Amino acid sequence: MDYTPQNQKDKKQMLESIGVGNIDELFKIIPNHLKAKDLNISGGKTEQELLNYFLNICSKNKKLISFRGAGIYDHFIPSLVGEIVGRSEFWTAYTPYQAEASQGTLQAVFEYQSLICALTGMDTSNASLYDGATAAAEAALLALRVNSKNRILISSGVHPEYIQTVKTYLENSKAKIEIIPLSDNGRLDKNTVDPLIDDNTAAVVIQSPNYFGVVEDMDALSSAIKSKNSLFVAIVNPLSLGVFKAPGEYNADIAVGEGQVLGSSMSAGGATFGFMAVKKSLEWKIPGRIVGQTTDKDGKRGFVLTLQSREQHIRREKATSNICTNASLNALSACVFLSGWGNVGFSNLAETNISKARYAFTKIKSLDGFKAKFENETFFNEFVIETSKNIKKINKILLKNNILGPLNLSNAGDDFKNCLLFCVTEQRTEAEIDRLVELLAKI
């Protein structure tokens, strides 16, 4: 792409059009102490010099062993994912929106949707959303669209950033959001949930495994929710579905979650993608793109954007949502990731996460000054440990030893003031876990 600089005449016209006299006036909102005094830009470098310069900077990065999750997780990504996703026809393709989108792009999205439906046990999936938090917020909006009810109940075991995102989405609506407290064992109690649901409850939003890693009794909670004619929104870790029941099996109406664990790198928190799948009765209300399979006039299989009369380019302000894009490249990563592992491999991967986390859990809780917060509960690859030791000192010492330590849960409420959220995935070796335990024991 050519770079076309503006001349002085162009700059003057632009400044006049926005009502400022000069460049300094344009940027006066920036505090002086934040402005660069001297950019000190040197002359140009050759390609070789530039490459060596950045390689030198990269060499200063430390490769940390991660025992932290809470939404973004360190999982192994098979080279197959990068090989397929890195192909130019996918790498440069824009999100399918126009009807003339290529058949290859449409088929890739269709295969992704099919895999998400198979994984969640639901009937219809969209082409993906921005991330897990916005998927949860869109699920709440969907529930409000379905009926005239305006109460949304959310478990306090839902990721706090998801809760905040839902609140932000619904800030200027008439919806009322109420938080359901967890019981002392770190999960929801059906007897607590049941009396909170009334005739005005549009949906109940529950995450399992929840923010603290505890697996909820989704069957019991579902029966309580469905008996009151409310929608059940299940937020799930898709990798956990290799072992635990799919949302469709316990009669959830909407299944959403974060797809980063399916072949996307951590990348400092993004980009990732959110998935959403619903029962057939809700497919006309689901936001975003949906790719369908059809046949052409010669009877050959083809792919099209379908159910488009839900969308804003046709219905304008009456559309189901204003979403006009998705995260196709990350969704494609998930498609390749799931296809590569297959049914048996995917289940084995989930079981490995459980067994390694259980190994670490057993070792850490046996140390002096550490104990399990929720002793007898089922968890996936995260667990809470309560400690009598200084949490800041723990993570400081671990960091000095190239270990990204557990998440400090002090901000999660008074019950978690001295608690740590550990995460152990299939990436962690027995030697790495033993090293973590050794360092914790010496603190």
Side-chain angles (χ1 to χ4, degrees), residues 67-73 132-133 136-137 140 151-171 175-197 201 203-218 220-221 224 233-237 240 257-258 269 357 361 364-365 369-396 398 404-424 440:
F67 285 94
R68 185 174 302 184
I72 298 294
Y73 301 92
R151 275 182 86 225
I152 300 291
L153 299 181
I154 306 180
S155 164
S156 61
V158 170
H159 195 299
E161 293 174 6
Y162 286 32
I163 295 176
Q164 188 58 51
T165 303
V166 174
K167 289 180 177 179
T168 301
Y169 263 57
L170 303 182
E171 186 173 11
K176 297 178 180 178
I177 300 173
E178 297 177 33
I179 307 301
I180 311 171
L182 298 178
S183 60
D184 292 339
N185 57 9
R187 57 189 176 93
L188 289 178
D189 188 326
K190 176 186 175 182
N191 296 326
T192 301
V193 176
D194 189 66
L196 294 176
I197 307 173
T201 303
V204 181
V205 183
I206 301 173
Q207 180 176 342
S208 181
N210 63 29
Y211 180 60
F212 306 106
V214 179
V215 177
E216 301 279 2
D217 186 350
M218 299 297 259
L221 294 168
V233 178
I235 302 175
V236 293
N237 179 333
S240 73
E258 172 58 62
F361 173 75
I364 294 171
K365 72 172 184 174
F370 296 89
K371 66 177 181 179
K373 178 69 174 177
F374 310 118
E375 178 66 57
N376 298 314
E377 297 305 315
T378 302
F379 59 84
F380 184 53
N381 57 5
E382 290 179 280
F383 52 88
V384 179
I385 294 292
E386 192 170 359
T387 181
S388 59
K389 299 186 179 185
N390 186 298
I391 289 179
K392 289 184 178 180
K393 184 178 181 180
I394 289 173
N395 276 329
K396 186 176 181 179
L398 292 178
L404 180 61
L407 180 70
N408 184 349
L409 289 176
S410 296
N411 293 328
D414 293 338
D415 292 338
F416 296 93
K417 287 298 183 184
N418 301 305
C419 291
L420 295 163
L421 181 64
F422 284 85
C423 176
V424 182
L440 292 176

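Note that this is a predicted model, so its numbers are computed, not measured.
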H159 side chain to A70 backbone, donor-acceptor under 3.5 Å: yes

Heavy-atom check, side chain of V205 versus side chain of L153, under 4.5 Å: no

Proximity of F383 and F361 rings by center, below 6.0 Å: yes

Flag side-chain contact, heavy atom, 4.5 Å: I154 against I180: no

N/O donor-acceptor pair under 3.5 Å between T387 side chain and G369 backbone: yes

Non-hydrogen side-chain atoms of T378 and V214 separated by less than 4.5 Å: no

Check: S208 side chain, V215 main-chain N or O, donor-acceptor pair, under 3.5 Å: no

Heavy-atom donor-acceptor pair, E178 side chain to I152 backbone, under 3.5 Å: no

Euclidean distance, R151 CZ relative to T201 OG1, rounded to 0.5 Å: 4.0 Å

CA sep, side-chain torsions, deciding dist, call: V204, V233, side-chain contact (heavy atoms from CB on, under 4.5 Å): CA-CA 6 Å; V204 181; V233 178; over 6 Å; no

Axial cation check for F416 ring with K373, 6.0 Å and 45° limits: yes

Sequence neighbours excluded, every pair satisfying salt bridge (charged side-chain N to carboxylate O under 4.0 Å, His left out) that has a member inside residues 182-192: R187-E377

Heavy-atom neighbours of K371 NZ exceed 12 at 6.0 Å: no

Verdict with reasoning, S155 to L182, per side-chain contact (heavy atoms from CB on, under 4.5 Å): CA-CA 7 Å; S155 164; L182 298 178; 3.7 Å; yes

Euclidean distance, L420 CG relative to K389 NZ, rounded to 0.5 Å: 11.5 Å

Spatial distance of atom CZ (F374) from atom CD1 (I385) [nearest 0.5 Å]: 10.5 Å

Separation of Q207 CD from E258 CD (nearest 0.5 Å): 11.0 Å

With E375 via side chain to side chain donor-acceptor pair (under 3.5 Å) - residues at least two apart: K365

C419 side, atom SG; I391 side, atom CD1 - distance, nearest 0.5 Å: 7.0 Å

From CA spacing to verdict: side-chain contact (heavy atoms from CB on, under 4.5 Å), L404, L398: CA-CA 7 Å; L404 180 61; L398 292 178; over 6 Å; no

Heavy-atom check, side chain of C423 versus side chain of R68, under 4.5 Å: no

Heavy-atom pair with the smallest gap, counting every atom of A357 and F379: CB-CE1, 3.8 Å

Closest contact, heavy atoms only, N191 versus P195: O-CD, 3.0 Å

Contacts of E216 that satisfy side chain to side chain donor-acceptor pair (under 3.5 Å) - sequence neighbours left out: N210

Minimum-distance pair of heavy atoms, taken over all atoms of A136 and Y162: CB-CD2, 4.1 Å

I364, V384, N395, L421 screened by side chain to side chain contact (heavy atoms under 4.5 Å, CB included) with P406, the one that passes: N395

From L196 atom CG to I179 atom CD1, the distance as rounded to the nearest 0.5 Å: 11.5 Å

Y211 versus E382, side-chain donor and acceptor atoms under 3.5 Å: no

Test side-chain contact (heavy atoms from CB on, under 4.5 Å) applied to V158 and I206, step by step: CA-CA 6 Å; V158 170; I206 301 173; 5.8 Å; no

